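Just below is one structure, and these are the notes that go with it.
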Amino acid sequence: MKKYRNFNFICGAVLTGFCLLIVLTGLIRTPYDTTAMSVADRLSAPSFAHWMGCDNYGRDILSRVMEGMRNTVWIALLTVAIGTLSGVVIGAVCGYFGGLLDDILMRVNDVLFSFPSILLALVIISLLGTGSLNVTLALGIAFIPSFARIVRSEVKKQSALEYVESARLMGAGHLRVIFVHILPNILPVLLSSVMIGFNNAVLAEAGLSYLGVGVQPPQASLGRMLSEAQSYLFTAPWYAIFPGLMIVLMVLGFALLAEGMTEA
Amino acid sequence: MKVYLRKAISMLLTLLAVSFIVFAAFEIIPGDAASSRLGSNATQASVEALRHEMGLDRPFLLRYFSWLGGCFRGNLGTSYSYHMPVAGMILEKIPITVTLTILSMLLTMAVSVPLALLSAKYANSRLDRAVYAGNQFLMAVPSFFLGILMTWVFGMVLRWFKPGGYVSYKKDFGAFLGYLILPSVAIAIPKCAMSVKLLRSAILSEANRDYVRTAYSRGLSTMEVLYRHVLKNALMPLITFWGMAVADMIAGSIVVEQVFNIPGLGRILLTSIANRDYPVVEAVILLIAAVVLLMNLLVDLLYRRIDPRLRAE
């Protein structure tokens with residue numbers, strides 16, 4: 001691996017590392033129980049006992065932010081995994097074989113692609129129902145078109161090259177050519193779109209949770225915290241600011257990391 | 001002319017396909033509208049009666065074509081939960097979301113082009129770097145969080161506007177526009193940051209081309225070269241982005257409408273999803289699909305107008 005010594009990469013790595021640290025710490029333990037309520041601490045301001053203050057039930061916001069970030073990262077990872085795997089298969093088959101199947105699938109793909117993913121996910125959720133599992137599935141499906149499109153055009157470019165022909169002449173089957181010969185060559189392009197996809201997934205998940213169709217209570221989620229915080233914006237602005245800030249830091253860190261990697 | 005016709009027909013066919021997929025999708029989910037409307041303790045007979053009344057006992061294709069025929073006549077069906085014609089319900093909300101989207105688009109265009117020009121003209125200066133840093137940051141902020149922050153800062157700390165004080169466009173159009181400004185800023189900012197970034201790099205990559213050197217050698221000033229030659233070419237990729245951004249802005253407005261308590265298309269879509277009011281959901285999706293496809297067509301046509309090379313085909 002090359003060393004990425006540019007400013008973007010360093011900032012991105014630091015921010016991503018910071019967020020990862022919070023998520024990992026949250027896996028082991030949170031400062032307070034995420035569902036423990038305490039009437040005395042309702043909407044209390046940030047203090048040494050509660051670094052980010054408390055919400056309207058007196059639950060510790062930092063603990064809930066940690067749990068929310070874990071859920072968000074988890075959903076985003078699964079979403080990108082579904083999108084990438086299906087996208088790679090569909091895109092590779094379409095790009096490699098071409099023909100009628102390619103025409104039909106790409107026609108459908110183009111329509112889906114021009115639909116904003118959050119909207120597509122909303123449609124799928126209205127079919128499947130709400131909840132974190134369905135949101136993951138919906139977002140995953142909504143992300144397939146963009147990956148399929150990228151993989152298809154890359155595979156198409158590669159399959160015209162001579163090494164593919166020579167592999168075929170040596171007797172390699174179509175599947176072997178696609179997955180063993182072509183796929184490693186498109187990995188760099190795929191990697192950068194996976195990183196962008198992860199960010200889009202984080203933003204989309206936050207948006208859907210904000211709308212109340214994502215992670216369901218009592219499970220914490222950053223988006224839902226923001227929508228709940230809106231009713232207490234005047235008395236407890238920190239309730240909205242901290243979860244929102246964590247979304248920004250997560251997305252910013254990853255975006256800078258992706259940018260730094262393409263620059264180098 | 002022939003090309004335009006072919007594109008328009010292909011767009012209509014795609015829209016038809018979308019309508020079929022949408023209609024079929026709501027068909028395969030378990031539990032139909034009649035049983036969900038009557039609740040779990042309804043008798044079999046009453047469910048059957050309601051199914052008959054709503055026309056749900058007819059074959060699938062027959063229902064699809066009668067629905068489609070209705071769409072052409074402007075009859076989008078009846079809402080399950082409000083018992084009102086869907087067309088009327090949606091028609092009332094369209095101006096709100098459309099105004100919001102247009103405002104955001106105008107803001108994006110008006111701010112991003114000058115900022116990108118400035119930042120490209122003084123590339124690698126302190127100003128350019130500040131714009132770059134600002135862009136990176138703003139691209140990471142979800143528009144609904146921006147909306148919440150603005151509500152707090154402008155509505156509660158500074159008290160410049162009344163949060164939740166939405167005024168209907170029928171009552172007072174000026175006040176309506178005034179209330180929509182902050183939401184459209186919230187939608188526009190991330191798109192604007194993206195536009196500046198795209199346009200700046202497009203301008204810089206154009207600046208090394210031969211025609212630019214020729215223009216300079218003809219004695220044109222930097223400003224003239226930038227405006228008359230470079231900007232024209234650099235705007236091409238941005239037009240594609242803006243065409244796609246319209247769809248994103250409609251999607252963004254669904255969320256931001258919730259933040260600012262605006263009863264637009266987003267609100268109606270969300271409540272009908274929650275109520276399983278499928279005729280409304282179908283109609284809203286179809287409407288947005290039509291807008292998205294229309295935008296794609298427009299971008300395509302615009303490309304042909306701007307770039308003569310494409311017209312030659």
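To find a chain, count down the sequence lines: A is the first, B the second, and so on, and within it residues start at 1. Since this is a predicted model, take the numbers as computed values, not measurements.
Using a 4.5 Å heavy-atom cutoff, the side chains of A:V248 and B:F145 are in contact. Side chains of B:V141 and A:V251 form no contact here, defined as non-hydrogen atoms less than 4.5 Å apart. With contacts defined as side-chain heavy-atom distances shorter than 4.5 Å, the pair B:I250/A:L119 does not qualify.
Under the rule for a side-chain contact (heavy atoms from CB on, under 4.5 Å), the partners of A:W74 that lie at least two apart in sequence or sit in another chain are A:L78.
Proximity to chain A (any heavy atom under 4.5 Å) is restricted, for B:L269, to the side chain, taken from C-beta onward. Only the side chain of A:Y210 comes within contact range of chain B, with heavy atoms under 4.5 Å apart. Contact annotation for B:F137: both backbone and side-chain heavy atoms come within less than 4.5 Å of a heavy atom of chain A. Contacts between B:L270 and chain A at a heavy-atom distance below 4.5 Å involve the side chain alone, from C-beta outward.
In terms of heavy-atom pairs under 4.5 Å with chain B, the best-connected choice from A:L226, A:V213, A:I124, A:N199 is A:L226. Between chain A and the residues B:T14, B:I148, B:D248, the most heavy-atom pairs under 4.5 angstrom are made by B:I148. Between chain B and the options A:V123, A:L211, A:I118, A:I125, heavy-atom pairs under 4.5 Å are most frequent for A:L211. Contact count against chain B (heavy-atom pairs under 4.5 Å) is highest for A:L233 among A:L233, A:N8, A:L249.
Here the side chain of B:Q136 pairs no donor or acceptor atom with the backbone of A:L252 at under 3.5 angstrom.
Atom CH2 of A:W238 sits in a crowded spot, with more than 12 heavy atoms from other residues, nucleotides or ligands closer than 6.0 Å.
Along residues 201-209 of chain A, the residues that come nearer than 4.5 angstrom to chain B, judged on non-hydrogen atoms, are A:L203, A:A206, A:G207 in order of number.
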